[in-house]
2 protein chains.
Amino acid sequence: MPTLDEVARLSGVSRATASRALTGDAKVKDETRKRVKAVAESLGYRPNRAARSLASGKSGVIGLVLPTLLLSDDPYGALLIHGLSDAASRRDLGLMLWLTHQEPGSTVREIFSGGIVDGLVVSATALNHRWVEPILDGGIPSVLLGRHPSRPDVHHLRVDNLAGARLVVEHLVSLGHKKIVTITGPLDRVDAVERLQAYRDVMEENGLTVTDDMISESNYTPDGGLAAMARLLPLKPTAVFCGNDQMAFGATEAIRLAGLDVPTDISIVGFDDFPDARSFRPPLTTVGQDIALLSQRAVDRLAELIADPSLPPEDVILPAKFSIRRSTGAPPSQ
Amino acid sequence: MPTLDEVARLSGVSRATASRALTGDAKVKDETRKRVKAVAESLGYRPNRAARSLASGKSGVIGLVLPTLLLSDDPYGALLIHGLSDAASRRDLGLMLWLTHQEPGSTVREIFSGGIVDGLVVSATALNHRWVEPILDGGIPSVLLGRHPSRPDVHHLRVDNLAGARLVVEHLVSLGHKKIVTITGPLDRVDAVERLQAYRDVMEENGLTVTDDMISESNYTPDGGLAAMARLLPLKPTAVFCGNDQMAFGATEAIRLAGLDVPTDISIVGFDDFPDARSFRPPLTTVGQDIALLSQRAVDRLAELIADPSLPPEDVILPAKFSIRRSTGAPPSQ
DNA sequence: CTGAAAGCGCTTACAG
DNA sequence: CTGAAAGCGCTTACAG
């Protein structure tokens with residue numbers, strides 16, 4: 001492995017100048033820079049990351065702390081890894097990963113300590129894992145993804161749940177639906193409560209009455225959605241707002257089992273907009289996080305924080321992404 | 001941030017001894033070690049990773065090179081990340097990630113160079129990506145996952161496709177099935193060809209004739225499986241071997257559309273054993289890679305290679321994992 | 001724009 | 001079992 005010393009010697013400059021020519025920030029005569037770069041290229045020189053990191057105090061790597069469940073039971077984890085990997089790569093940053101299940105080996109504290117990463121993206125739900133919270137006190141610049149009111153001292157980044165839910169319900173209203181029911185997620189979860197609230201608000205704003213039997217609490221699974229829809233069907237709704245896409249899939253099945261069609265008889269909207277929503281039959285009208293955007297913003301924010309760790313914590317809210325597809329239409333005319 | 005120097009000073013020993021006491025390999029008086037550890041603990045000392053890496057020549061991090069498609073279109077990527085993360089963590093190794101789509105930013109060559117990782121796990125299909133192959137020549141210890149005959153110079157680790165396929169077909173034969181048809185993946189893919197070969201072999205070994213119309217080539221998707229099964233149904237098979245689980249899902253739908261039941265009328269087996277196979281109705285009998293085991297072995301092998309890079313390349317083949325579930329039974333008696 | 005020098009914080013032969 | 005010393009390969013004020 002050639003070192004910077006060799007590159008410098010063959011270029012006829014000092015190590016300092018070679019370093020400046022290669023890293024690009026400082027002022028170096030153009031001709032010198034070219035010569036050094038050519039020599040480095042011809043030698044196949046790769047700067048030693050450890051040495052660079054030790055001297056500069058920056059590793060050029062960011063870490064992601066993710067609950068294992070979000071990777072195994074949910075498309076979210078894979079999408080997030082994908083997005084962050086892209087965003088990090090665009091800034092020439094490496095990406096390290098730590099999944100919260102790892103008890104037997106090293107803790108997140110150990111694995112991400114000692115300057116191995118310059119910053120951290122932490123999924124808010126990871127804070128339920130007892131090893132994770134302490135790392136936020138470790139002085140590593142961090143961005144928290146999602147909602148976590150207990151840590152107003154760290155930077156937050158999340159998608160507007162409430163406004164997103166409003167979008168889909170307003171869409172149903174604008175199509176002319178009046179009898180709109182809803183299937184919610186578990187109401188001990190903030191996101192489920194917020195989505196229900198958005199439903200209530202929009203209905204009220206449009207002079208549409210909501211009675212308790214129009215709201216069915218379920219569990220974010222397809223089976224739960226099917227069961228809930230079966231119970232709502234006697235009300236003869238023309239549209240349903242489901243608290244997530246999974247339940248919308250189940251609800252669609254229930255509607256078909258009753259001999260009805262989506263969207264001819266009943267329009268249906270979901271929440272999340274994971275890839276399955278697009279390939280579903282019919283493709284589901286839904287709203288969700290733009291995970292690519294979220295990832296990009298997270299890395300941008302982290303880069304700012306790494307450059308200036310004293311930045312005051314902010315709670316940044318991104319707009320939700322609304323996708324009108326084929327599961328919604330006008331209510332039946334009679 | 002406390003440094004090793006401070007730990008040494010407060011412990012009343014030299015920096016060298018403090019280092020030995022903390023890393024644990026070398027011989028240090030037990031009492032000394034205890035004292036140093038206590039001091040380190042009380043200071044909240046974390047060794048600087050860059051310094052350690054620079055001095056020792058080891059980063060304590062391994063990298064994973066994964067085709068983006070395996071993460072976004074397939075459960076395989078997420079399962080592999082999960083498994084490797086576990087396995088790496090058990091050895092106190094960090095895990096860095098590089099997805100093959102990342103053109104705009106840094107190449108895999110740059111991101112994993114300069115000693116930032118001690119070793120690499122590379123998905124064999126990643127080699128189709130032009131940036132990836134050169135890294136195998138870069139002198140970083142690497143383990144290739146899957147089959148890639150073009151690089152006999154690197155260590156391979158893969159699951160026995162052929163033996164796995166044999167298991168499920170033999171299972172059907174042992175249940176008494178004689179009219180067994182097959183739906184294959186695209187026959188320009190090695191894995192599809194191998195699975196078909198296993199089918200032919202088992203059939204022949206058991207004196208069961210295979211005619212061309214009993215083999216339907218498809219595309220590994222549910223829709224493809226449905227269409228293929230619809231074409232095979234006129235042959236009145238009592239069992240189907242599908243080249244992957246996805247096609248088995250589609251084939252099941254085709255069977256039901258024809259008014260038949262799985263497994264009462266037709267038994268069905270798949271290949272892959274991703275999580276969906278277990279939750280499918282009926283739960284699918286299938287065979288697949290044990291990704292947790294594969295990951296563990298990959299990290300074990302990599303650790304050996306890092307310790308001794310001169311180890312001769314081996315092609316290690318792991319057994320497939322067979323799961324008998326509810327989609328198979330005896331053929332109808334008439 | 002360039003160089004000499006110090007220093008980043010560890011590990012590891014080499015002696016003893 | 002322990003210490004003094006060298007060294008890992010860079011970056012970055014400080015001068016000029």
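Lettering follows sequence order; numbering is per chain, from 1.
Here dC8(D) presents its C1' atom at 12 Å from CG of D5(A), a figure rounded to the nearest Å. E6(B) places its CD atom 9 Å from the P atom of dG9(C), with the value rounded to the nearest Å. Rounded to whole Å, atom P of dT12(C) lies 12 Å from atom CG of L4(B). R35(A) has its CZ atom 8 Å from the P atom of dT2(C), to the nearest Å. Rounded to an integer number of Å, the gap from L22(B) CG to dC10(C) P is 9 Å. Atom-to-atom, CZ of R33(B) to P of dC1(D) comes out at 9 Å; the value is rounded to the nearest Å.
Residues meeting the side chain to side chain contact (heavy atoms under 4.5 Å, CB included) test with S310(B), sequence neighbours left out: D308(B). Here D118(B) pairs with nothing under the salt bridge (charged side-chain N to carboxylate O under 4.0 Å, His left out) rule; sequence neighbours left out. Considering only residues two or more places apart in sequence or on other chains, R158(B) meets the side chain to side chain donor-acceptor pair (under 3.5 Å) condition with D315(B). The salt bridge (charged side-chain N to carboxylate O under 4.0 Å, His left out) check on D73(A) picks up nothing, with sequence neighbours excluded. Partners of R147(A) according to the side chain to side chain donor-acceptor pair (under 3.5 Å) rule, which considers only residues two or more places apart in sequence or in another chain, are E194(A). Scanning for side chain to side chain contact (heavy atoms under 4.5 Å, CB included) contacts around A40(B) gives V7(B), L22(B), Y45(B), with sequence neighbours left out. Residues satisfying the side chain to side chain donor-acceptor pair (under 3.5 Å) test with S42(B), not counting sequence neighbours, are none.
With both ends at atom P, the span from dC10(C) to dC14(C) equals 24 Å, rounded to whole Å.
To the nearest 0.5 Å, the span separating CZ on R301(B) from CD1 on I306(B) amounts to 11.5 Å. Between the CG atom of L93(B) and the CG atom of L302(B) there is a distance of 8.0 Å, given to the nearest 0.5 Å.
Of the residues in residues 9-19 of chain A, those with a non-hydrogen atom less than 4.0 angstrom from any atom of DNA chain D are R15(A), A16(A), S19(A). A heavy atom lying under 4.0 Å from DNA chain C marks the following residues of residues 44-58 of chain A, by number: L54(A), A55(A).
For R20(A), the listed nucleotide lying nearest its side chain is dA4(C); candidates were dC1(D), dA4(C), dA13(C).
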Which pairs of donor and acceptor atoms, one on a side chain in residues 288-295 of chain A, lie under 3.5 Å apart (sequence neighbours left out)?
residue : atom : partner : partner atom : Å
D290(A) : OD1  : A292(A) : N            : 3.3
D290(A) : OD1  : L293(A) : N            : 3.2
S295(A) : OG   : I291(A) : O            : 2.7

Show me the donor-acceptor pairs within less than 3.5 Å that the side chains of residues 133-144 of chain A make with the rest of the protein, sequence neighbours left out.
residue : atom : partner : partner atom : Å
E133(A) : OE2  : R151(A) : NH1          : 3.1
D137(A) : OD1  : R151(A) : NH1          : 3.4
D137(A) : OD1  : R151(A) : NH2          : 2.8
S142(A) : OG   : I140(A) : O            : 2.8

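Helical stems in DNA chain C, defined as runs of 3 or more consecutive Watson-Crick or G-U wobble pairs with both donor-acceptor distances under 3.5 Å, are listed by first residue as C:1-3 with D:14-16, C:5-12 with D:5-12, C:14-16 with D:1-3.
Between dC1(D) and T32(B), no contact under 4.0 Å exists linking OP1 or OP2 to a side-chain N or O.
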